[in-house]
Structure formats: structure tokens, C-alpha cells
Protein chains: 2
Amino acid sequence: MAPDAETLRERAARYSPAQCRTIDAALPLFAAHGVGGTSLQMIADAVGVTKAAIYHQFSTKEAIVLGVIEMRLQPLEEAIEAAESADLTQSAREAMLARVIDTVVANRGALGTLQNDPVLFRLLGEHEPSRRLWVRLFSELLGDDLGPQARVRAAVLSAAIGAAAHPFVVDLDDDTLRDELLRVTHRLVFQAD
Amino acid sequence: MAPDAETLRERAARYSPAQCRTIDAALPLFAAHGVGGTSLQMIADAVGVTKAAIYHQFSTKEAIVLGVIEMRLQPLEEAIEAAESADLTQSAREAMLARVIDTVVANRGALGTLQNDPVLFRLLGEHEPSRRLWVRLFSELLGDDLGPQARVRAAVLSAAIGAAAHPFVVDLDDDTLRDELLRVTHRLVFQAD
DNA sequence: GTCTATAGAATGATAGAC
DNA sequence: GTCTATCATTCTATAGAC
């Protein structure tokens, strides 16, 4: 099995408890200051250890960023796997969208943060396991056709997932946000012209 | 007139040619590396001058970031002003959306970059002239009601504007992107449940 | 408006003790 | 797994000449 064929679950399982603490501390810092604006010192301070301890866990800053991606994308992988089915019936596609939106709302800040930082977003496109995840999601929802309409819909759906972390909706409760977001994305994905 | 009541046009007019060169050089760097990942040295190299010259133009890095916001948000201000009308008829609102989408597509990367970096995005919400701009846009399109439905729609519309810079749509020509994006956002904003 | 030169702090990263 | 101590590099920012 090629290393790139690993699932996010398999990768995430390899992180030690100390590494998980670092990953958890890094995400909100990335969300607030961006990856480029977050230093290892800031992460170390947030965890409550020294920089050297962080370097024992991760050999580079990029390795921490990858860890954040793999850990926080994992719930989305689970949602897609759970809803994936051999037959692309309309109801199977609707169930996948609903499950994805559930997960997005339950993980509010996380998935939005991954898409709203230029460094994280680029890595999301270069990191094979996460690439495959997006391909699975969009091809199941929008089909394999890569026409302009499907491309624009995919881009807006991707952006809409990030909108779950938008300031306009921070104080909506999960149920309300999920209902409204599902309604909007359902229309976006499934409504014919 | 309070300083905060200035338009973006008035502010943008104050920048010297040298400052404009710096602002133009900074945007693609912010898009690629994020604000936090972009140093003054990188900006100076891109302009072709030394750091000291940049510091003569802007006293801090944040002043450059503000300059980028004010310059690149200006076309959106023009679009909103041109389409703004006293009566909130449906056709006036549709005309504003169409004009905004035109401007978004014509400025592809710019508006997306402003919304896809955590630092730029935060400043967009703290900077009064740009705050007023978003309020005008969303209240004209979605009304003054701040219910959950309008809030989610506003957040997704805001994200959809950023989607014009998404990799999925980079190689679509302007006309195609504008048509598809307008169709999708029109439905998002105006379609009742 | 741009340059050279520099100050002082912070950065990513490493070595070696515990 | 964490620490102290340190390295070379880069950072923001300033002073003063042209």
C-alpha cells in the first residue's frame, strides 16, 4: 500500500498525546494569526512547554501544520465514508450532504480555519489524503462532470463550508445553523437551473 | 466630517504613486503566503527597492495592509454606490447583486484574498469604511432583518464572493464565471424557501 | 524617494542534560 | 518528554547621506 493511500484516520492515530496537545493548541492560533503569523514560541507558550519540547514532537513547523490538517479533517472523512454508497441515487447524495453539513457545524471553527488561511488552503490541495477526500465529496455530490457550472458550484460549496466559522453566524446555535446551511447548500448543489 | 465617515475613494486618493506600487506588490504576496508570512523584505524585493524605502512610505506593516484593503475594496464601493437606490425594489436589488458580481469577477483574486486571510479578514471587520460597505451591501440585498436565515445567507454570500479566487474556477473565463456565479448567488439571496 | 548601515528583538532549529 | 542554552538567520524599525 503506497503511503499516499493511507486514510486520515490511520495517519491521525500515529500522533502521541503530546503531539495532540500541540495540534490542539496550534489550531486557534492559526485561526487568529494565520500560519505565517504563528511562531513556534506562541505554540509552545499555549501548550505550556518550551520550543525545544515542540521540536522533539515535530521536526519542522510544517509538520505541525500537516498534523492540524490530518486531525481536523478526520471527522469529515468519517462523515463521507459513512454516507458513501455504490449507487449514486439522489437520496444517497442528499444523505451525504446532510452528514457533511452536520460535521461542519459540529466542528465549526476547524474546517473554516483550514480553508481561510492561504498556507493551510494550499497544503490542503497538495496533501494527498486530503485531496482524495475533496474529490470523493465533490464527485459524489456533483458528479464527475467538470463543466463550468459544476466547478462554480463546487467552489461555492467549499466556501460555504468555511462560512460556518463566519462572524455573522457565530452566535447561532448548532441546530439553527445546520438547518439553514443545509437548506442553502442543498439548493446550491441539487437545484437545476 | 468625522474621519471614519470618509469613503474608500477619498482614502485611496491619498496614496502616492510609490505607495500604490507597494500596495500592488503586496497583494499577491499576501495571497500566496498570508499577511503573517509576508515580510517587508519580500515586499521591498517585489517592488525593487530596499526596506528603508518601504518604511518611508508606510510607518508600519499594518499601514500597508490597510492600504491594500482600501485600494482593493474601492471597486466594490463604486459598484455598490452606482447600484444603490432609495427604493428597495426587487429589480434594484437584483441590479446591485449583478453589479457586485461583475466587480468581483473583474477583480478576481483581490476580493478573495481579502477574505481568505485571517488577518485581512479581521481588519476588514474593524476598519470602519469597509464595515459600512458590507453593511450597505447586505442590508440592501437581504433587508435589515437579522434573523438566522438572513445571517446564514449573508455569510455564504460573503464566502461566495471569495470563491471567485478558488482554484476550481481559475481557468474559467470572466463571462462564464460571472454568469454562473450570478446564477448561484441570485438563488442564494432572493429565493424564498 | 531611495540608499547604506545598523540596532535590537524574534525567528526556526539544534545540542546535550535530566 | 521536557528542559537550558545556544546558533545563525531574519525580522521590524531607525538614522543619516544623497
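Here is the naming used below: chain letters follow the sequence lines, and residue numbers restart at 1 for every chain.
- A side chain to side chain contact (heavy atoms under 4.5 Å, CB included) with A:Leu123 holds for exactly one of A:Ile69, A:Val68, A:Val35; it is A:Ile69.
- Shown here are the side chain to side chain donor-acceptor pair (under 3.5 Å) partners of A:Asp45, two or more places apart in sequence or in another chain: A:Gln41.
- Every side chain to side chain donor-acceptor pair (under 3.5 Å) that A:Arg187 has, sequence neighbours left out, goes to B:Gln191.
- When the ring-ring contact (aromatic ring centres under 6.0 Å, His included) test is applied to B:His186, the partners found at least two apart in sequence or on another chain are B:Phe190.
- Atom CG of A:Leu40 is separated from atom P of C:dG12 by 4 Å (rounded to the nearest Å).
- Among all heavy-atom pairs drawn from A:Val105 and A:Arg178, the shortest one is CG2-CA, 3.8 Å.
- Remark: A:His166 engages A:Phe168, B:Phe121 in a ring-ring contact (aromatic ring centres under 6.0 Å, His included) (not counting sequence neighbours).
- Shown here are the salt bridge (charged side-chain N to carboxylate O under 4.0 Å, His left out) partners of A:Arg93, two or more places apart in sequence or in another chain: there are none.
- Contact between B:Gly67 and B:Tyr15 at its shortest, heavy atoms only, is CA-OH, 3.3 Å.
- Contacts of B:Arg136 classified as side chain to side chain donor-acceptor pair (under 3.5 Å), with partners at least two apart in sequence or in another chain: B:Glu84.
- Remark: A:Ser59 engages no residue in a side-chain contact (heavy atoms from CB on, under 4.5 Å) (not counting sequence neighbours).
- In this structure, B:Asp102 and B:Leu182 have side chains that are not in contact, with every pair of non-hydrogen atoms separated by 4.5 Å or more.
- Against DNA chain D, the stretch residues 15-31 of chain B makes no heavy-atom approach under 4.0 Å.
- Each end of the helix from C:dG1-D:dC18 to C:dC18-D:dG1 gets its own axis, taken as the rotation carrying the C1' atoms of four end pairs onto the next four within a five-pair window, and the two axes meet at 10° to the nearest 10 degrees.
- Protein chain A touches strand DNA chain D; the 5'-most and 3'-most nucleotides with an atom under 4.0 angstrom of its non-hydrogen atoms are D:dG1 to D:dT4.
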Which donor-acceptor pairs under 3.5 Å do the side chains of residues 24-33 of chain A make with protein atoms, sequence neighbours left out?
from, atom 1, to, atom 2, distance (Å)
A:His33, ND1, A:Leu29, O, 3.4

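- Within residues 46-67 of chain A, the residues having any heavy atom closer than 4.0 Å to DNA chain C are, in order of number, A:Lys51, A:Ala52, A:Tyr55, A:Thr60, A:Lys61.
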